[in-house]
2 protein chains.
Amino acid sequence: MVEIRDGKIEDIPQVFELVNELAVYEKAPHEVDNSIEEMIKDGFGDNPSFGLIVAEDTSINKIIGIVIHYIRYSTWKGRCLYLEDLIVTEKRRGEGHGLKLFNAYVEKGQQLGVNQMMWQVLDWNTPAIEFYKKLGANIETEWYNCKLEKDGIETFFNNKATK
Amino acid sequence: MVEIRDGKIEDIPQVFELVNELAVYEKAPHEVDNSIEEMIKDGFGDNPSFGLIVAEDTSINKIIGIVIHYIRYSTWKGRCLYLEDLIVTEKRRGEGHGLKLFNAYVEKGQQLGVNQMMWQVLDWNTPAIEFYKKLGANIETEWYNCKLEKDGIETFFNNKATK
């Protein structure tokens, strides 16, 4: 029996395993700078930086899927809910847990009264793009993501272009 | 004299004027569903959904530019600061206020101890893309934005694909 529910602080070690599983699958395990301790602090402090939904197989007390979400703000639309990650452990894919987790994410947005739900998809992931379109999503292809990473932040003010 | 500082609740009416100015410039004034009252509630309540930096021309008590930012969460990188909007009123462009506001945004990220700064740029906006590259930003071109808008949220669970 798989239960979909809000995540708890004691779920984080298993959640972090899933985060790392995805990173290995995407051939980028070295990109994970996060830790269990950080995730506990960031998700369960006074002003949490994210919310967590989990799919737990209660017969084995195992978290088999997660959604990480948080509020974003659009100056035009107001409060939006962003789906940062939806992960189902590789062995348990194809059983419908991904769709259930996605539904739980939309329910969360309704509860929070947001004006928009948002997420991203990789341009080569045609099955996912088609799936999202069927769910009623609009797909925008004209935006690029810009990032200033940790080393870039540190050296930013030494750069002539910032003067 | 133009002062860059954190925004205050009493700045919001002028901030909202700038938000609308941008929408008119982008030929989408009908897309603005937000209001002064909502922005005050969302930005200055117990758990604010955004942070605000303003550029004020103190000689005329006028807000001529703004940055709207908020914390996002990456499961791999932890807490990140996202630049939602950087707006300088049309008449005051070319005086260097945009760069000063961008610098203030990076300073804010340093103060908050985030691991990454993020924003988006339109794919046709070559001068902005070149400018961001000079500042040390990485530009990712392979992600699409997905959105479920207000009407889509309302009808979501009536859709066969969500079952």
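Below, chain A is the first sequence line, B the second, and so on; all start at residue 1.
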Only pairs of heavy atoms separated by less than 4.5 Å count here; which of [options] has the most with chain B?
options	value
A:Asp151, A:Val15, A:Thr141, A:Val19	A:Thr141
A:His69, A:Glu140, A:Lys163	A:Glu140
A:Lys100, A:Lys77, A:Lys160	A:Lys77
A:Ile129, A:Ile71, A:Thr155, A:Leu99	A:Leu99
A:Arg72, A:Arg79, A:Glu149, A:Lys134	A:Arg72
A:Met39, A:Gln110, A:Glu38	A:Gln110

Options [options], ranked by heavy-atom pairs under 4.5 Å with chain A, top entry:
options	result
B:Phe157, B:Phe131, B:Tyr82	B:Phe157
B:Lys133, B:Lys150, B:Glu154	B:Lys150
B:Cys146, B:Gly152, B:Ala161	B:Cys146
B:Asn20, B:Val106, B:Leu83	B:Val106
B:Val121, B:Ile139, B:Asn159	B:Val121
B:Ser74, B:Gly43, B:Cys80, B:Gly109	B:Ser74

Taking [X] for its side chain and [Y] for its backbone only, find out whether a donor-acceptor pair lies under 3.5 Å.
X	Y	answer
A:Glu3	A:Ala55	no
B:Asp57	B:Lys62	no
B:Glu56	B:Ile64	no
A:Asp85	A:Ile66	no

Check for me whether the distance between the ring centres of B:Tyr70 and A:Tyr73 falls short of 6.0 Å. no
Aromatic ring proximity, centroids under 6.0 angstrom, A:Tyr132 and A:Trp119: yes
Whatever's closer than 4.5 Å to a heavy atom in chain A on B:Glu142 counts as both
B:Asn138, part contacting chain A, at a heavy-atom distance under 4.5 Å: both
No-hydrogen, no-angle side-chain donor-acceptor test under 3.5 Å, A:Gln120 and A:Asn145: yes
Quick one: do B:Leu86 and B:Met117 end up in the same hydrophobic cluster if we chain Ile, Leu, Val, Met, Phe, Trp and Tyr together by side-chain heavy atoms under 4.5 Å apart? yes
Honestly, the part of A:Ile68 sitting under 4.5 Å from a heavy atom of chain B is side chain
Name the region of A:Glu31, side chain, backbone, both or neither, that has any atom closer than 4.5 Å to a heavy atom of chain B. both
Answer yes or no: is there an ion pair linking B:Arg5 with B:Asp11, defined by an N-O contact shorter than 4.0 Å? yes
Heavy-atom closest contact (A:Leu81 atom, A:Tyr105 atom, distance): O-OH, 2.8 Å
